[in-house]
Asks: 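One structure is given below, represented as structure tokens, and several questions about it will come after.
Remember, predicted model here, so these are calculated numbers, not experimental data.
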Amino acid sequence: MARRRTGPTDVVRAIVFDRDGGACVRCGSFQDLTIHHRVNRGMGGAREPWINQAHNLLLVCTVCNSWFEDHPRESYEAGWKVRRPVLPGEVEVRYPDGSLYVLTPDGVRAMAAAGAR
């Protein structure tokens, strides 16, 4: 029996790649990129329909992906990780230039309002 795919579709992966400029959202690297879930998928894969939508996904290099796990406090503060039950669209994300953005399910990255934090 074929394994059920629990990750984002190829279309969503392409949207995230374009939105993030083909670079890691933490360090700006163009090497060894992967898709990172801000809210972890949890055991057994994704049950929530939003888990594999663009606002819950970031393009990151494999080094930073590991760094997120080793530095949870900083990762949550920067919005690279999001704790349940908060939804990813409610948490701003810091990009390499220091700017904060709000991400939407359809792949839009909007500059966060100043002082909204």
Asks: Please enumerate all residues that pass side-chain contact (heavy atoms from CB on, under 4.5 Å) together with I15, with sequence neighbours excluded.
Replies: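 For I15 the side-chain contact (heavy atoms from CB on, under 4.5 Å) partners, ignoring immediate neighbours, are V11, A54.
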
Asks: According to side-chain hydrogen bond (donor to acceptor under 3.5 Å, both in side chains), who are the partners of W67, at least two apart in sequence or on a separate chain?
Replies: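 Once residues adjacent in sequence are excluded, the partners of W67 under the side-chain hydrogen bond (donor to acceptor under 3.5 Å, both in side chains) criterion are H71.
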
Asks: Identify, with sequence neighbours excluded, every residue that meets side-chain contact (heavy atoms from CB on, under 4.5 Å) alongside V12.
Replies: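 Only P8, T9, V16, L57 meet the side-chain contact (heavy atoms from CB on, under 4.5 Å) criterion with V12.
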
Asks: Going by the salt bridge (charged side-chain N to carboxylate O under 4.0 Å, His left out) test, which pairs reach into residues 61-76, not counting sequence neighbours?
Replies: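 Matches after skipping sequence neighbours: E69-K81, R73-E77.
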
Asks: Among all residues two or more places apart in sequence or in another chain, which pass the side-chain hydrogen bond (donor to acceptor under 3.5 Å, both in side chains) test with D32?
Replies: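 Partners of D32 by the side-chain hydrogen bond (donor to acceptor under 3.5 Å, both in side chains) criterion come out as none, since no residue qualifies.
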
Asks: S99: which residues meet the side-chain hydrogen bond (donor to acceptor under 3.5 Å, both in side chains) condition with it, sequence neighbours left out?
Replies: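 side-chain hydrogen bond (donor to acceptor under 3.5 Å, both in side chains) list for S99, sorted by chain: D97.
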
Asks: Could you tell me which residues satisfy ring pair (Phe, Tyr, Trp, His ring centres under 6.0 Å) with F68, sequence neighbours excluded, listed by chain and number?
Replies: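 In terms of ring pair (Phe, Tyr, Trp, His ring centres under 6.0 Å), with neighbours along the sequence ignored, F68 is linked to H36, W80.
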
Asks: Applying side-chain contact (heavy atoms from CB on, under 4.5 Å), can you list everything that pairs with F30, at least two apart in sequence or on another chain?
Replies: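 Partners of F30 under the side-chain contact (heavy atoms from CB on, under 4.5 Å) test: A23.
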
Asks: List in chain and number order the residues that pass ring pair (Phe, Tyr, Trp, His ring centres under 6.0 Å) with H55, two or more places apart in sequence or in another chain; answer none if no residue qualifies.
Replies: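 With neighbours one apart ignored, the set is empty.
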
Asks: Going by side-chain heavy atoms closer than 4.5 Å, which hydrophobic residues are tied to V63, directly or by a chain of links?
Replies: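 Direct or chained contacts put V63 with none.
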
Asks: Test: salt bridge (charged side-chain N to carboxylate O under 4.0 Å, His left out). Region: residues 14-30. Which pairs qualify, not counting sequence neighbours?
Replies: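 Of all non-adjacent pairs touching residues 14-30, none passes salt bridge (charged side-chain N to carboxylate O under 4.0 Å, His left out).
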
Asks: For T104, check side-chain hydrogen bond (donor to acceptor under 3.5 Å, both in side chains) against everything at least two apart and list the hits.
Replies: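 Per chain and number, T104 pairs via side-chain hydrogen bond (donor to acceptor under 3.5 Å, both in side chains) with D106.
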
